[in-house]
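Reading through the structure tokens given below for one structure.
Each residue takes its place number in the sequence, starting with 1.
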Amino acid sequence: MKTAVYYFPNYHYDRRNAQTHGPRWNEWDLVKLARPRFPGHVQPKVPLWGYEDESEPAVMRKKIEAAASHRIDAFIFDWYYYEDGQFLERALENGFMPAAMDGQLKFALMWANHDWRELHPWRSGTPKPILYPGEISDQAFERMTDLIVERYFRHPAYWKIDGKPYFSIYSAKYLGRPERLMRFREKAVRAGFPGLHINMILQENAVLPGETQPDENALQLDRYGFDSLTSYIWLHHCRLSDFPRTSYREVMDDYFLRFCADIRRRGSSIPYYPNVTVGWDSSPRTAQDTVFDPACGYPYTPVMESTPGEFSEAVSRARQLGTEIITVNAWNEWTEGSYLEPDTRNGFACLDALKQGLEG
């Protein structure tokens with residue numbers, strides 16, 4: 001069984017962020033400014049390694065070694081491409097790819113094809129403008145897939161399943177016609193690969209602003225020819241019922257006993273890879289001087305935190321489903337409260353819990 005962990009690359013300089021927030025800004029700024037929003041709320045979260053620049057190969061090498069030594073096989077990078085090109089790519093291209101030439105840790109892409117809104121931070125009662133629309137033209141899709149095949153698939157550390165590069169898609173909303181994926185597969189074959197493994201992320205609940213609850217029947221999964229299905233985070237399937245804090249165990253049971261059981265009962269011909277979520281706390285993306293009110297919606301949402309023991313149990317439950325792959329959210333979603341990276345409060349306890357859960 002392989003363990004693939006999502007990686008959110010917004011902890012380095014990016015030209016788009018510089019245009020919006022200033023030349024030195026990245027999401028470490030939100031992590032530093034976070035404050036407790038209710039009694040017992042632990043904020044700010046402080047990274048054990050400090051506020052490092054992930055676009056530096058030496059920094060990324062440290063992450064690779066920690067991940068590989070805790071039974072992680074691959075990082076799945078949240079990868080952004082809009083009509084005019086890439087966003088947040090330097091963590092992967094400048095940091096990870098030079099540091100991973102020995103293949104100790106693989107990487108893959110998850111096309112994060114959702115609208116990018118200005119939420120960093122968001123003040124309740126104000127607009128949530130779309131800076132970069134997730135929908136792209138056929139021409140942009142062709143440019144994007146040409147780049148992916150040439151720049152990423154050929155890298156020696158790119159993750160493959162049966163020789164086929166693994167490529168995940170976040171949202172069906174802007175996926176476009178099935179012919180797009182057919183052409184993408186053809187490009188992979190022409191480049192010398194035996195095919196392309198296309199993974200689709202399932203979403204029952206809307207999480208980000210502007211997301212709508214998807215209609216799985218309208219999606220017609222078989223029509224697109226996906227090779228596998230998985231999830232990005234438990235919130236796409238499970239409600240956080242209590243504010244300001246929801247029980248991790250309650251959500252864990254809902255995910256495994258209801259959602260995963262339902263997936264198995266339906267008996268889809270497309271394999272589903274279970275997900276394990278470390279936690280949830282999007283309060284760092286709120287304006288810290290505002291009332292923490294759930295009526296405002298994301299990022300004013302309930303907090304869900306796991307203990308190392310609970311997280312290890314969740315990993316074990318996913319492993320016992322006997323699938324080829326499990327996905328984990330996430331390596332470094334610091335501003336959404338779901339991260340494996342060591343912090344000053346728990347050290348490496350979360351990574352140790354992951355390894356323990358994988359080894360049973």
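- Nearest heavy atom pair, residue Tyr174 against residue Gly134, reads CD1-C, 3.4 Å.
- For the pair Arg16 and Tyr132, the cation-pi criterion (under 6.0 Å, within 45° of the ring axis) is fulfilled.
- Cation-pi geometry between Lys45 and Trp334 is not satisfied (NZ or CZ under 6.0 Å from the ring centre, within 45° of the ring normal).
- Using a 30° and 60° split on the angle between ring planes, His120 and His21 fall in the perpendicular class, above 60°.
- A donor-acceptor pair shorter than 3.5 Å cannot be found between the side chains of Asn199 and Thr230.
- Side chains of Trp111 and Ser168: a donor-acceptor N/O pair is absent below 3.5 angstrom, by distance only.
- For the residue pair Tyr300 and Thr290, a side-chain donor N or O sits within less than 3.5 Å of a side-chain acceptor on the partner.
- Judged as a ring pair (Phe, Tyr, Trp, His ring centres under 6.0 Å), and not counting sequence neighbours, the contacts of His236 are Tyr170.
- Between Trp234 and Tyr255, the two ring planes are parallel [angle under 30°; tilted spans 30° to 60°].
- Ring orientation note: the planes of Phe184 and Phe167 are nearly perpendicular, at an angle over 60° on the 30°/60° scale.
- The salt bridge (Lys or Arg N to Asp or Glu O under 4.0 Å) test applied to Glu336 returns Arg285, not counting sequence neighbours.
- A 4.5 Å side-chain heavy-atom check between Ile76 and Phe107 finds every atom pair outside the cut-off.
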